[in-house]
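The structure's right below; bear with me while I get my questions together.
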Amino acid sequence: QVQLVESGGGLVQAGGSLRLSCAASVRTFSSSAMGWFRQAPRKEREFVAGISRSGGSAYYVDSVKGRFTMSRDNAKNTVYLQMNSLKSEDTAVYYCAADMTGTRPTAVYEYDYWGQGTQVTVSS
């Protein structure tokens with residue numbers, strides 16, 4: 001059974017930074033594409049960032065490009081999301097997800113496993 005556990009969320013002022021972590025308990029972590037999604041109240045879950053199996057390629061939704069950076073450490077079975085220049089519209093629950101078979105997945109249905117989420121609140 002794959003488990004994903006997010007941490008690092010919290011309350012921050014606009015313009016501030018947070019670093020989210022997601023620890024995965026899966027032997028094939030280095031074979032999994034990973035992603036971060038977010039869901040704000042009364043909105044659908046949306047893709048934020050994804051990273052290739054090796055960590056050599058990361059991709060982002062336009063609204064976070066230049067502000068967020070996704071990375072991974074396969075030796076620690078962990079992915080990260082560094083969030084800088086946070087805005088009030090970044091407020092949401094952030095979810096980590098794993099795709100065991102895909103290439104460059106961005107849709108919710110493409111991911112096989114999900115964490116429980118961590119709340120990020122940006123005050124203006």
Side-chain angles (χ1 to χ4, degrees):
Q1 183 68 20
V2 175
Q3 287 190 323
L4 303 175
V5 180
E6 302 97 336
S7 61
L11 174 64
V12 64
Q13 288 188 335
S17 299
L18 282 175
R19 188 194 195 203
L20 305 184
S21 299
C22 171
S25 63
V26 54
R27 287 180 294 173
T28 56
F29 178 77
S30 62
S31 299
S32 306
M34 300 294 295
W36 285 99
F37 287 73
R38 65 187 180 188
Q39 188 166 17
R42 298 174 299 281
K43 292 189 176 181
E44 292 187 354
R45 192 169 298 189
E46 67 167 349
F47 172 80
V48 175
I51 195 165
S52 62
R53 294 170 177 80
S54 68
S57 175
Y59 45 101
Y60 307 89
V61 67
D62 286 347
S63 59
V64 309
K65 284 180 180 176
R67 300 189 298 121
F68 291 11
T69 302
M70 185 174 184
S71 60
R72 67 188 296 164
D73 185 339
N74 285 347
K76 295 182 178 180
N77 279 18
T78 301
V79 294
Y80 306 95
L81 186 66
Q82 177 67 44
M83 305 186 295
N84 299 329
S85 302
L86 283 161
K87 305 175 181 180
S88 57
E89 51 263 44
D90 294 319
T91 295
V93 177
Y94 282 71
Y95 298 89
C96 171
D99 174 12
M100 312 306 286
T101 59
T103 302
R104 208 175 175 86
T106 60
V108 169
Y109 73 86
E110 294 181 282
Y111 285 82
D112 303 297
Y113 299 100
W114 294 83
Q116 293 299 307
T118 185
Q119 176 71 48
V120 172
T121 303
V122 184
S123 63
S124 57

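Every heavy atom of this structure was used, including side-chain atoms; hydrogens, water molecules and symmetry mates were not. Numbering starts at 1 and runs along the sequence shown.
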Requested in this report: Identify the two heavy atoms, one from T78 and one from S21, that lie closest to each other, and give their separation to 0.1 Å.
Outcome: CG2-CB, 4.4 Å

Report summary line: Rounding to 0.5 Å, atoms OG (S32) and CD1 (I51) come to a distance of 12.5 Å

Query raised in the report: So if you build clusters from Ile, Leu, Val, Met, Phe, Trp, Tyr with side-chain heavy-atom gaps below 4.5 Å, do Y60 and L20 land together?
Result: yes

Query raised in the report: Mind checking whether V26 and M100 have side chains closer than 4.5 Å, heavy atoms only?
Result: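 In contact.
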
Requested in this report: Grab the two heavy atoms, one from A92 and one from A40, that are nearest each other, plus how far apart they are.
Outcome: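 Between these two residues, the closest heavy atoms are CB-N, 3.8 Å.
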
Requested in this report: Tell me, with the steps shown, if F68 and W36 meet side-chain contact (heavy atoms from CB on, under 4.5 Å).
Outcome: CA-CA 11 Å; F68 291 11; W36 285 99; over 6 Å; no

**Report entry** Contact summary for M34 and A98, nearest pair of heavy atoms
**Finding:**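 Reported closest heavy-atom pair: SD-CB, 3.6 Å.
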
Query raised in the report: Hey, does the side chain of S30 reach the backbone of N74 with a donor-acceptor pair shorter than 3.5 angstrom?
Result: no

Report summary line: Rounding to 0.5 Å, atoms CG (L86) and OG (S124) come to a distance of 12.5 Å

Requested in this report: Measure across L81 and Y94 and return the closest heavy-atom pair with its distance rounded to 0.1 Å.
Outcome: CD2-CD2, 4.2 Å

Report task. Indicate yes or no: at least one non-hydrogen side-chain atom of V122 is less than 4.5 angstrom from one of K87. Result ->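 The answer is no, as the side chains (C-beta and beyond) never meet within the 4.5 Å cut-off.
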
Query raised in the report: What is the distance from atom OG1 of T101 to atom CD of E110, rounded to the nearest 0.5 Å?
Result: 9.0 Å

**Report entry** Centroid separation F47 to Y59 less than 6.0 Å
**Finding:**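 Yes, ring centres under 6.0 Å apart.
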
Query raised in the report: Salt bridge or not for K65 and D62, using N-O below 4.0 Å?
Result: yes

Query raised in the report: Taking atom CD of Q3 and atom CG of N77, what is their separation to the nearest 0.5 Å?
Result: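 Going from the CD atom of Q3 to the CG atom of N77 covers 12.5 Å.
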
Query - Side-chain heavy atoms of R38 within contact of V64, under 4.5 Å - result: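 Counting from C-beta outward, R38 and V64 do come under 4.5 Å.
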
Requested in this report: Report whether Y80 and Y111 are members of the same hydrophobic cluster (ILVMFWY, side-chain heavy atoms less than 4.5 Å apart, transitive linking).
Outcome: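 Different hydrophobic clusters.
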
N/O donor-acceptor pairs under 3.5 Å from side chains in residues 4-19, not counting sequence neighbours:
from	atom 1	to	atom 2	distance (Å)
E6	OE1	Q116	N	3.1
E6	OE1	G117	N	2.9
E6	OE2	C96	N	2.8
E6	OE2	G117	N	3.2
S17	OG	N84	OD1	2.9

Query raised in the report: Can you find a heavy atom in the side chain of D90 that is under 4.5 Å from one in the side chain of M83?
Result: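 No - every pair of side-chain heavy atoms lies 4.5 Å or more apart.
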
Requested in this report: Please tell me if the side chains of R72 and F29 come closer than 4.5 Å, counting only heavy atoms from C-beta onward.
Outcome: yes

Query raised in the report: Where do R104 and S57 come nearest, in terms of heavy atoms and distance?
Result: NH1-OG, 3.6 Å

Query raised in the report: Is the shortest heavy-atom distance from the side chain of D112 to the side chain of V2 under 4.5 Å?
Result: no

